[in-house]
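Some notes on the structure that comes next.
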2 protein chains.
Amino acid sequence: MTTKLGHLAEMADGHRSPEVEFLLTQGHERHFKIGEHLITEGETTDYFYDILDGTVALARNGRDGRRQILSFMSARQFLGAASTPNYPNLATALTQVTAISYPRSALEKALATTPGFASEFRVVLTRILESAHDHVYTIGQRSAVERVASFLLYLRANQARFSPDGPREKSNHVELPMTRLDIADFLGLTIETVSRAFSSLKKSEVISFKDSHSCDILNIDRVRNLGGRDDFTDNRGSSYD
Amino acid sequence: MTTKLGHLAEMADGHRSPEVEFLLTQGHERHFKIGEHLITEGETTDYFYDILDGTVALARNGRDGRRQILSFMSARQFLGAASTPNYPNLATALTQVTAISYPRSALEKALATTPGFASEFRVVLTRILESAHDHVYTIGQRSAVERVASFLLYLRANQARFSPDGPREKSNHVELPMTRLDIADFLGLTIETVSRAFSSLKKSEVISFKDSHSCDILNIDRVRNLGGRDDFTDNRGSSYD
DNA sequence: CGTAGTTTTGAGGCTTATCAACAGCCGTGG
DNA sequence: CCACGGCTGTTGATAAGCCTCAAAACTACG
C-alpha cells in the first residue's frame with residue numbers, strides 16, 4: 001500500500017491537469033504534537049492543510065481570554081480557507097495530527113485551471129458554510145443540554161463522514177478527543193455547565209461514559225429530540241443527524 | 001443610464017466567456033414585497049439571487065417556533081449558496097426588494113468554464129464563511145450589550161461595503177430596516193433584551209435614535225470597545241469594524 | 001380618534017456563570 | 001510501594017444575566 005494521499009488527492013483524482021499534478025507534488029506530510037499549532041493567528045495564508053489523522057480545533061481568541069472554537073476538524077477535512085493574506089484564527093492539534101500542507105499559490109493555480117476540481121472544492125466550501133450555520137443555530141437557539149446533545153450528533157456525523165478511510169455507517173459510540181473546556185468553548189458554555197449536561201444525560205440513561213472521553217449513545221432518539229435537526233424533515237444530508 | 005446589472009454582472013465583467021454571457025442573459029429582475037419569501041424552506045435550489053436593492057433576512061426555523069436569522073443581506077450580496085438540491089433555510093424580504101434571479105444550472109456552467117469568474121466567486125463564498133464565523137463568536141462569547149454593539153458595527157460595515165452603488169466610506173448613521181424581533185433572532189436574544197441594550201446605550205450617550213429604525217453612533221470608540229473586533233489587530237478587512 | 005402592531009419599561013423567575021471544594025487520573029520521585 | 005503535585009472533571013452553593021410575563025408608551029393608519 002502506498003503512502004496516504006489525503007482527501008485533496010482523492011478529489012483531484014477525476015480532474016487531472018498539469019497544475020493539479022504540480023499541486024500534489026507540492027504536498028508535504030507534516031506531524032504535529034498535542035498542543036502544537038498548525039496555524040497561528042495573524043500568520044500569512046501561504047499554506048493550507050489536508051488532515052490525514054487526528055483532531056484539530058479551529059478557534060478565535062479574544063484578547064480578554066475569551067475563546068470560541070469554530071470547528072473541530074479531523075481526517076479528510078481541509079483547514080485554511082481564507083479570503084485575506086493573514087489567518088484570523090488559530091488551529092491547534094488536540095491529538096497527534098498528521099496533515100499534508102500545500103502552498104496556497106499551487107492550490108489557486110490548480111483551481112484556476114481545472115474547473116472540475118474547482119467545482120468540487122466549491123461544494124466542500126459550501127458544506128463548511130452550512131455547518132457554520134448549523135453552529136449558529138445551535139448556539140443562538142438551544143439550551144445547554146440541547147447544545148451538548150447536538151454536539152454529540154455533530155461528532156457522530158463527523159466521525160462517520162470524515163473517517164480516515166472514507167465515509168462509513170454512523171455508530172452509537174462517540175469519541176471525544178477534546179477536553180471539557182474545548183467543548184465549552186465550542187458551544188458557548190462553561191466547563192461546569194457542559195459537565196452538568198453530561199451528568200444529566202447520564203442520569204436519564206440517554207448516554208453512558210466508558211471514560212470521560214469516550215461515550216456511548218444509549219437512546220439515539222432522545223438525543224435527536226434534544227439536539228437533532230428535529231427542526232426539519234432531515235433529508236438534506238448535512239450535519240448533526 | 002442602462003438598467004442595473006447587479007454585482008454578479010460586475011464580477012463577470014473581467015471574465016467574459018460564452019457561458020458567462022449566457023448566464024447574464026438568464027437573469028430576470030424580480031420584485032418582492034415586505035414579508036414575501038425569495039426562498040422557502042425545502043424549495044429546490046434551482047435559482048439563486050443577486051440582490052439589487054432592499055434587505056433580506058436569511059433564517060432557519062425550528063418547528064417549535066424558534067428562529068435563528070443567519071444573515072441580513074442587502075444590495076450586492078448573493079443569496080442561495082447551497083450544496084444540496086433543497087434549501088434548508090428561508091429568505092424573507094424585510095423591505096421592498098429588487099433582485100435578479102439566475103438559474104443555478106447556468107451559474108454552474110459559467111463557473112465550470114470560466115476560472116477567473118469562479119475564483120472571484122470562491123472569494124465571495126469564503127467571505128460569507130468568515131462572516132458566519134464572526135457571528136458564531138458574537139453569539140457564543142459576547143453579552144447582550146456587546147452583541148447589540150457588534151450588530152451595529154455589522155450593519156455599518158455592510159451598509160458601507162454593500163451600498164447599491166458600490167463600496168463607500170463608513171458613516172456613523174446606521175439604518176435598521178429590521179424589527180427588534182429580527183435583531184433578537186439574529187443575536188440569539190429576546191426583543192426585550194435587545195430593547196434594553198439599546199436603551200442602555202442611549203442612556204450612556206453612545207448612540208441616539210431618530211426613530212426606532214434609524215440610529216446615530218455618537219461614540220464609535222465605545223461601540224468598538226463593546227462589540228468590535230478589539231480582539232485582534234483589526235486589519236483583516238472583514239466584517240464588524 | 002380608535003385600533004393594531006411595535007417598542008419600551010417593569011417585576012419576578014429560571015438558566016447558566018461564577019466561585020469553591022472535592023474526586024479521579026497520572027507521572028514523578030521519595 | 002506509596003506520597004505528592006498537577007491537571008482534568010464533577011458536584012455544590014450562590015449570584016448574575018437573560019428570559020418570561022405583563023402592562024404601558026409610542027407609531028402608523030384607517
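Quick note on labels: first sequence line is chain A, next is B, and so on, each numbered from 1.
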For this session: Measure from the side-chain N and O atoms of A/Ser199 to the backbone N and O of A/Ser195, and report whether any donor-acceptor pair falls under 3.5 Å.
Result: yes

Exercise. With a 4.5 Å heavy-atom cut-off, do B/His173 and B/Ser214 have their side chains touching?
Worked result: yes

Problem set entry | Minimum side-chain heavy-atom gap A/Arg180-A/Phe198 below 4.5 Å | yes

Taking NZ, NE, NH1 and NH2 as the nitrogens, is one of them in [X] or [Y] under 4.0 Å from a carboxylate oxygen of the other?
X: A/Asp134; Y: A/Arg127; answer: no
X: A/Arg76; Y: A/Asp50; answer: no
X: B/Asp185; Y: B/Arg66; answer: no

Exercise. Going 5' to 3' on DNA chain C, which nucleotide is the first and which the last to come under 4.0 Å of a heavy atom in chain B?
Worked result: C/dT7 to C/dA11

Exercise. B/Arg142 and B/Tyr137: side-chain donor and acceptor closer than 3.5 Å?
Worked result: no

Exercise. Between the side chains of B/Ser171 and B/Gln159, does any donor sit under 3.5 Å from an acceptor?
Worked result: no

For this session: Walk me through it: do B/Leu129 and B/Leu125 pass the test side-chain contact (heavy atoms from CB on, under 4.5 Å)?
Result: CA-CA 6 Å; B/Leu129 175 62; B/Leu125 204 52; over 6 Å; no

Exercise. Using 30° and 60° as the class limits, which term best fits the ring planes of B/Phe48 and B/Tyr102: parallel, tilted or perpendicular?
Worked result: tilted

For this session: Spell out protein contact along nucleotides 25-30 of chain D as letters: B when the base is contacted, S when just the sugar-phosphate is, - when no protein heavy atom is under 4.0 Å; keep the 5' to 3' order.
Result: ------

Problem set entry | Per-nucleotide protein contact string for nucleotides 9-20 of chain D (B base, S sugar-phosphate only, - none; heavy atom under 4.0 Å) | SBBBB----SSB

